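Notes to accompany the following structure.
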Number of protein chains: 2
Amino acid sequence: MAGAAGGSRTATLGDVASRAGVSLATASKAINGRDQVAPRTRARVIAAAEELGFTPNALAQSLTAGRTGTVGLLTSDLEGRFVIPILMGAEDAFGAGQVNVFLCDARGDAIREQHHIRALLNRRVDGIIVVGRQTDPRPSLGHELPVPVVYAYSPSDDPTDHSLTPDNRSGGRMAVEHLIACGRSRIAHISGDPSYAAAQDRDHGFQAAMRDAGLEQVGHTMFSAWSEVWGRDAASLLLRSHPDIDGIVCGSDQIARGVLDTLRDLGRSVPGDVAVIGYDNWEVLATNARPELTSIDNNLEELGRLAARRLFDAIAGRTLAPGTEHLPVKLTIRGSTIPHQ
Amino acid sequence: MAGAAGGSRTATLGDVASRAGVSLATASKAINGRDQVAPRTRARVIAAAEELGFTPNALAQSLTAGRTGTVGLLTSDLEGRFVIPILMGAEDAFGAGQVNVFLCDARGDAIREQHHIRALLNRRVDGIIVVGRQTDPRPSLGHELPVPVVYAYSPSDDPTDHSLTPDNRSGGRMAVEHLIACGRSRIAHISGDPSYAAAQDRDHGFQAAMRDAGLEQVGHTMFSAWSEVWGRDAASLLLRSHPDIDGIVCGSDQIARGVLDTLRDLGRSVPGDVAVIGYDNWEVLATNARPELTSIDNNLEELGRLAARRLFDAIAGRTLAPGTEHLPVKLTIRGSTIPHQ
DNA sequence: CTGTTAGCGCTTTCAG
DNA sequence: CTGAAAGCGCTAACAG
């Protein structure tokens with residue numbers, strides 16, 4: 001049942017050939033659309049293939065071709081919300097063509113990662129995409145690998161590798177500029193875990209934008225965790241010391257959700273009294289907030305697609321430009337910064 | 001750079017053999033730990049392999065072995081929160097061994113799915129796990145496939161296939177029984193989209209448990225969407241018509257979050273006045289709620305692991321038992337049903 | 001146009 | 001113990 005073993009061995013090209021009464025070579029040409037095959041012959045071969053339910057053995061094909069049409073997607077943390085959209089983007093870009101993706105989750109363990117790389121190379125993948133869970137640089141796989149490697153989200157710590165990561169700095173700047181455009185000037189920043197490069201980079205963008213606008217930040221950037229709980233606590237601290245605040249930039253949508261809760265508890269209207277902007281544009285959180293949450297979107301799916309395309313290019317022989325590319329993020333405006341008409 | 005093409009073609013077993021001054025056959029045996037190889041010879045071969053950075057070509061190995069040590073993971077919707085833990089579980093169970101996973105996302109499109117199956121079979125995967133995004137039955141892949149298939153989360157609509165899905169009925173029952181154990185008796189049910197089998201099954205479990213306890217449900221089960229917004233609206237309707245309620249079973253954690261918000265707005269204490277229980281145990285939502293949310297956990301990762309093990313067994317030749325297996329869910333207790341001491 | 005002949009890289013009898 | 005030889009399934013020159 002359920003295909004367990006089953007009856008007859010799966011048909012080979014040889015079977016097709018003899019059933020069609022031609023040679024192996026001719027059968028191959030006929031099926032692969034090579035010219036130099038008489039139309040009638042080709043038809044006969046194709047018919048035979050259908051009848052036998054012939055499935056070309058990609059292993060054998062790859063063996064001669066030298067390429068397998070497979071790539072490895074090496075992630076350190078499947079759980080992470082960030083890996084998934086990237087993975088989708090990549091799967092998407094590849095899936096359109098003839099490429100299949102080996103998914104490997106190293107669980108953040110270097111040994112396991114090494115093991116997976118080994119396996120991928122044994123299987124002769126044509127290339128590898130390494131997807132990290134933070135934007136902090138990660139150790140390079142080195143340049144000894146026989147296939148091209150692209151780093152996504154976490155850049156490689158080796159500047160000669162090719163890495164793609166979101167532009168968190170400009171995200172921080174964008175958040176501030178949007179609040180200013182909304183007429184705010186007394187702006188604070190509540191961020192997440194300060195050990196994350198993302199937290200620091202966004203803050204740098206925040207600072208730069210404030211400076212450029214000639215504004216002074218209300219209080220200091222508050223760092224702690226990426227959670228709602230922290231968002232609630234931080235907002236309550238902040239409002240106690242700076243009740244006149246009119247805009248809050250948050251390091252994540254979770255933090256923003258917490259901030260919104262506290263503002264509501266304190267009777268401040270959003271965006272009337274205070275405008276709030278989140279980060280990540282995590283749909284399910286953003287669209288269910290009261291009011292719905294304006295947020296900065298990292299465009300991760302696009303990042304994944306681009307990583308895939310870059311890898312393609314490299315596989316095709318083009319040389320990967322060394323360095324880390326910072327991809328543009330985008331603003332998604334909802335009710336927490338601009339009131340519904 | 002970055003491994004693009006690079007210098008010397010990757011070493012073959014032949015290269016190793018001649019460098020070690022032995023025949024191909026001997027080299028093979030030495031490397032694969034076959035006995036009947038002189039210890040010194042083996043050492044020499046292994047050294048040669050190291051020096052050349054030899055990587056056995058899994059394609060060639062598979063070609064003779066008849067098995068590839070790969071499986072396909074066919075999902076209809078990577079985006080979905082439910083697919084990921086299952087995928088992790090499977091990757092986990094496989095990853096421990098020598099198996100690699102091809103990830104294919106059909107985007108809910110039957111054509112694309114067909115296309116992916118084709119590709120997987122061409123690559124001679126040893127088996128396939130089909131992961132759906134709802135617990136509603138999905139079309140079977142049929143029994144014509146030359147490899148075993150296991151269905152996870154979405155069961156197959158063909159009862160002779162082997163499917164694993166969470167036991168939503170007992171989840172619904174468990175939620176009620178927990179509220180009763182917490183001393184509640186005026187219990188309502190706010191659920192999600194009624195077109196989902198999950199919504200119906202959980203409700204059946206709910207009804208049965210109420211009946212068994214001799215309790216009458218407060219109002220009727222309210223169906224609409226799996227969102228926070230709906231949870232807020234539903235709770236507000238419910239409390240207007242039934243202010244004396246003391247327990248609410250929710251169809252999802254998102255709904256429960258909405259319910260909690262409304263209760264807070266209305267000044268009802270949780271769990272003092274009303275106990276609330278969610279479903280899915282979505283950590284990031286549950287642990288950031290006020291109070292933290294008790295929830296039913298579908299154990300998806302375990303489901304994924306089990307699916308992988310089942311597939312293993314089938315690949316090894318054991319016959320898959322026909323039918324849909326309903327896997328146990330578990331209760332995760334937090335502050336929304338039992339007050340902190 | 002079609003068929004014969006080498007391989008791709010590796011494993012596995014089966015003789016030495 | 002070691003090696004020669006025959007494939008695994010397919011493709012790519014070459015000749016016919």
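FYI, side chains are in, hydrogens and waters are out, and symmetry mates aren't considered; it's all heavy atoms of this structure. Please read all numbers here as calculations on a predicted model, not as lab measurements. Residue numbers start from 1 in every chain, and the chains themselves are labelled A, B, ... in the order their sequence lines are given, proteins ahead of strands.
- In this structure, B:Asp35 places its CG atom 11 Å from C1' of D:dC1, rounding to the nearest Å.
- Straight-line distance from the CG atom of A:Leu59 to the P atom of D:dT11: 12 Å, rounded to whole Å.
- If you check the side chains of B:His143 and B:Asp158, you find a donor sitting under 3.5 Å from an acceptor.
- Taking atom CG on B:Leu63 and atom C1' on D:dG7, their separation rounds to 10 Å, with Å as the unit.
- A:Ser62 has no side-chain polar atom (N or O) that falls below the 4.0 Å cut-off from OP1 or OP2 of D:dC10.
- One finds the CD atom of A:Glu325 at 9.5 Å from the CG atom of A:Leu303 (value rounded to the nearest 0.5 Å).
- Distance, B:Asn57 CG to C:dC8 C1': 8 Å, rounded to whole Å.
- Here NE2 of A:His326 is found 9.5 Å from OG1 of A:Thr135. Values are rounded to the nearest 0.5 Å.
- Residues that satisfy the side chain to side chain donor-acceptor pair (under 3.5 Å) test with B:Arg138, not counting sequence neighbours, are B:Glu113.
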Between the protein and nucleotides 11-13 of chain C, which nitrogen or oxygen pairs come in under 3.5 angstrom?
{"from": "C:dT11", "atom 1": "OP1", "to": "B:Asn32", "atom 2": "ND2", "distance (Å)": "3.0"}
{"from": "C:dT11", "atom 1": "OP1", "to": "B:Gln61", "atom 2": "NE2", "distance (Å)": "2.9"}
{"from": "C:dT11", "atom 1": "OP2", "to": "B:Ser28", "atom 2": "OG", "distance (Å)": "2.9"}
{"from": "C:dT11", "atom 1": "OP2", "to": "B:Asn32", "atom 2": "ND2", "distance (Å)": "3.4"}
{"from": "C:dT12", "atom 1": "OP2", "to": "B:Arg34", "atom 2": "NH2", "distance (Å)": "3.4"}

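- The nearest pair of heavy atoms linking A:Asn100 to B:Arg123 is OD1-NE, 3.0 Å.
- Rounded to whole Å, the distance from CZ on B:Arg42 to C1' on D:dT2 is 13 Å.
- Spacing between atom CG of A:Leu121 and atom P of C:dG9 amounts to 16 Å, rounded to whole angstrom units.
- Side-chain contact annotation: A:Ser140 with A:Asp157, donor-acceptor N/O pair under 3.5 Å absent.
- The CZ-P distance, from A:Arg124 to C:dC10, rounds to 7 Å in whole Å.
- Helix-axis bend for the helix from C:dC1-D:dG16 to C:dG16-D:dC1: the local axis fitted to the five terminal pairs at one end deviates from that at the other end by 50°, rounded to 10°.
- Whole-Å rounding puts the B:Ile31 CD1 to C:dG9 P distance at 15 Å.
- Put simply, the side chain of A:Asp126 gets close to the backbone of A:Gly69: a donor and an acceptor are under 3.5 Å apart.
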